[in-house]
Protein chains: 2
Amino acid sequence: MRKIRRHSEVPEATIHRLPRYLEKLKLLQAMGVEDVSSRQLAESLDIKASQLRHDFHYFGGFSRPGRPYQVGKLVPALEKIIGVSEPQPVAIVGAGHLGQALANYGNLEVQGFPVRGVFDANPRLVGLEIRGQPVRDMDELETVIANEGIRIAILTVPAQHAQAVTDRLVKAGIVGIVNFAPTDLKVPGTVAVRNERLAVGIMALSFKVKCILEGDCGAE
Amino acid sequence: MRKIRRHSEVPEATIHRLPRYLEKLKLLQAMGVEDVSSRQLAESLDIKASQLRHDFHYFGGFSRPGRPYQVGKLVPALEKIIGVSEPQPVAIVGAGHLGQALANYGNLEVQGFPVRGVFDANPRLVGLEIRGQPVRDMDELETVIANEGIRIAILTVPAQHAQAVTDRLVKAGIVGIVNFAPTDLKVPGTVAVRNERLAVGIMALSFKVKCILEGDCGAE
DNA sequence: AATCGCGTGTCAACCGGTTGACAGGTGTCC
DNA sequence: GGACACCTGTCAACCGGTTGACACGCGATT
């Protein structure tokens with residue numbers, strides 16, 4: 001285990017793979033697997049073994065040369081790197097269909113992101129119970145975020161309100177935002193945003209579908 | 001307008017940007033804007049103008065040198081390239097919370113992907129009306145796909161059923177799948193899959209949040 | 001008509017990420 | 001104990017994507 005580099009030097013592409021490593025490793029752990037080689041793990045994730053080792057290399061490596069990785073050590077190590085060693089409470093802002101679906105999505109809690117507050121401006125939604133939690137009025141946003149120590153917010157409000165709500169979230173101390181609104185958010189450099197654009201995904205797929213149907217694809 | 005290259009030569013990264021171009025251009029069109037330069041468009045999307053021109057270059061360019069792009073011509077051209085000149089009917093398989101949320105998500109239809117079938121295996125959900133459409137039993141999957149000419153399916157079933165359902169979809173003639181299940185799907189090469197992994201997104205964000213909170217980020 | 005400002009199409013340099021290769025460590029089997 | 005199979009950490013070559021630079025076209029203005 002050598003020197004651990006600064007996070008900023010870890011390439012974006014590697015960051016996006018870390019959660020997949022963790023997911024698969026947890027699965028293996030649940031199955032009672034103790035050791036796993038880079039080749040086994042990489043093949044099950046459909047990537048090259050050299051890439052996996054290269055990724056781990058950014059954090060100094062997790063094994064001694066000659067010995068496979070130990071699942072029991074790798075899982076907590078990755079959890080620490082990703083920042084989910086302990087649960088990260090999150091808020092969901094916007095309790096429309098998508099917000100409700102996410103609030104109901106139990107997997108979030110399992111992955112270490114318990115929902116600790118659901119908010120909406122619509123009084124007809126306020127008070128609605130989702131998984132034992134009430135939808136709260138936007139008035140309570142700041143207090144709940146402060147009391148629960150929430151750092152990450154999931155934004156599922158209509159596009160036209162996204163920026164205003166974002167400004168409030170940033171002021172309230174939110175450091176990371178998962179944005180489902182089809183808009184680009186302006187935030188200070190000290191806040192991380194991740195855009196989950198549903199429509200972009202299906203359109204990119206549509207392009208490939210067209211390409212397949214027209215036999216215009218190099219692959220086949 | 002020079003030679004149009006084969007789709008297979010268009011880089012993945014460019015494909016993912018096309019929908020964003022279209023989105024923004026439609027917005028401009030709605031605002032009555034007629035001309036737009038690569039710089040204006042690029043800046044509003046927070047990318048480099050040279051990249052935008054480079055992307056368009058794959059399709060032969062959309063303007064004469066010296067003249068800005070004409071929104072009115074660009075929109076249909078991009079729609080054609082992406083494959084949404086005419087509506088692409090889609091099916092939603094799995095009417096759990098997420099499936100219902102997507103079925104209710106009006107934006108899909110606006111973007112050219114009308115939902116023409118919602119399916120679930122759970123008899124308690126079958127018959128439920130969503131936006132004027134019934135949730136159908138899985139038995140009807142093949143007939144509806146055939147009758148409506150559906151080519152794209154959105155998969156929102158639990159992970160353990162994802163592969164089985166996928167096999168059925170492929171057999172039924174589906175060519176593109178947007179996969180929300182946290183599993184990798186095995187499909188023949190003639191089928192395109194796009195994974196929308198919610199948990200991966202929030203975890204990648206968590207990494208950056210940790211990086212910001214610990215002052216371990218190069219950016220600031 | 002000549003000039004000027006602005007714009008696209010195009011290309012080459014550059015950069016980050018991926019991939020293959022290998023040196024060296026570890027445990028096992030004979 | 002020696003040979004062997006297997007494994008990781010590490011590095012260098014490679015590749016695709018991004019970016020900056022520029023030649024040239026167009027329209028307005030003088």
[atom1] of [X] versus [atom2] of [N]: gap in Å, rounded?
{"X": "A:E12", "N": "D:dG16", "atom1": "CD", "atom2": "P", "answer": "21 Å"}
{"X": "B:L52", "N": "D:dG17", "atom1": "CG", "atom2": "C1'", "answer": "15 Å"}
{"X": "B:Q70", "N": "C:dT8", "atom1": "CD", "atom2": "P", "answer": "11 Å"}
{"X": "A:D55", "N": "C:dT18", "atom1": "CG", "atom2": "P", "answer": "7 Å"}
{"X": "B:D46", "N": "D:dT18", "atom1": "CG", "atom2": "C1'", "answer": "15 Å"}
{"X": "B:I47", "N": "D:dG17", "atom1": "CD1", "atom2": "P", "answer": "15 Å"}
{"X": "B:F56", "N": "D:dG17", "atom1": "CZ", "atom2": "P", "answer": "17 Å"}
{"X": "B:H57", "N": "D:dG17", "atom1": "NE2", "atom2": "P", "answer": "15 Å"}

Any idea which of [options] is nearest the [X] side chain?
{"X": "B:Y69", "options": "C:dG17, C:dG9, D:dG9", "result": "C:dG9"}
{"X": "B:P11", "options": "D:dG17, C:dG9, D:dG9", "result": "D:dG17"}
{"X": "A:P68", "options": "D:dC7, C:dG17, C:dT8", "result": "D:dC7"}

With a sphere of 6.0 Å drawn around [atom1] of [X], does it hold more than 12 non-hydrogen atoms of other residues, nucleotides or ligands?
{"X": "B:E34", "atom1": "CD", "value": "no"}
{"X": "A:R39", "atom1": "CZ", "value": "no"}
{"X": "A:E148", "atom1": "CD", "value": "yes"}

Rounded distance (nearest 0.5 Å) linking atom [atom1] of [X] with atom [atom2] of [Y]:
{"X": "B:L27", "Y": "B:S44", "atom1": "CG", "atom2": "OG", "answer": "9.0 Å"}
{"X": "B:Q51", "Y": "B:H54", "atom1": "CD", "atom2": "NE2", "answer": "8.5 Å"}
{"X": "B:T156", "Y": "B:Q100", "atom1": "OG1", "atom2": "CD", "answer": "9.5 Å"}

(request) Answer yes or no: does a side-chain N or O of B:S38 lie under 4.0 Å from OP1 or OP2 of C:dT8? (result)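 So the side chain of B:S38 is within the cut-off, an N or O lying under 4.0 Å from OP1 or OP2 of C:dT8.
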
(message) Can you tell whether the side chains of B:E142 and B:K171 come within less than 4.0 Å, N to carboxylate O?
(response)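 No salt bridge links B:E142 with B:K171.
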
(request) Encode nucleotides 20-30 of chain C as B, S and - characters from 5' to 3', where the letter depends on protein heavy atoms closer than 4.0 Å: B to the base, S only to sugar-phosphate, - to neither. (result) BBB-BBSS---

(message) Using five base pairs at each end to define the local axes, how bent is the helix from C:dA1-D:dT30 to C:dC30-D:dG1, to the nearest 10°?
(response)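 So the angle between the two local helix axes works out to 10°.
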
Could you list the donor-acceptor pairs under 3.5 angstrom formed between side-chain atoms of residues 66-94 of chain B and any protein atom two or more places apart in sequence or on another chain?
| unit_1 | atom_1 | unit_2 | atom_2 | d |
| --- | --- | --- | --- | --- |
| B:S85 | OG | B:K80 | N | 3.4 |
| B:Q88 | NE2 | B:G83 | O | 3.4 |

(request) Find which nucleotide of DNA chain C each of A:Q51 and B:Q40 is nearest to by heavy atoms, and output the residue with the more 5' nucleotide. (result)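 The 5'-side residue here is B:Q40.
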
(request) Work out which heavy atom in B:V191 is nearest to a heavy atom in B:V187; give both atom names and the distance. (result)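 That closest heavy-atom pairing would be O-CG2, 3.8 Å.
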
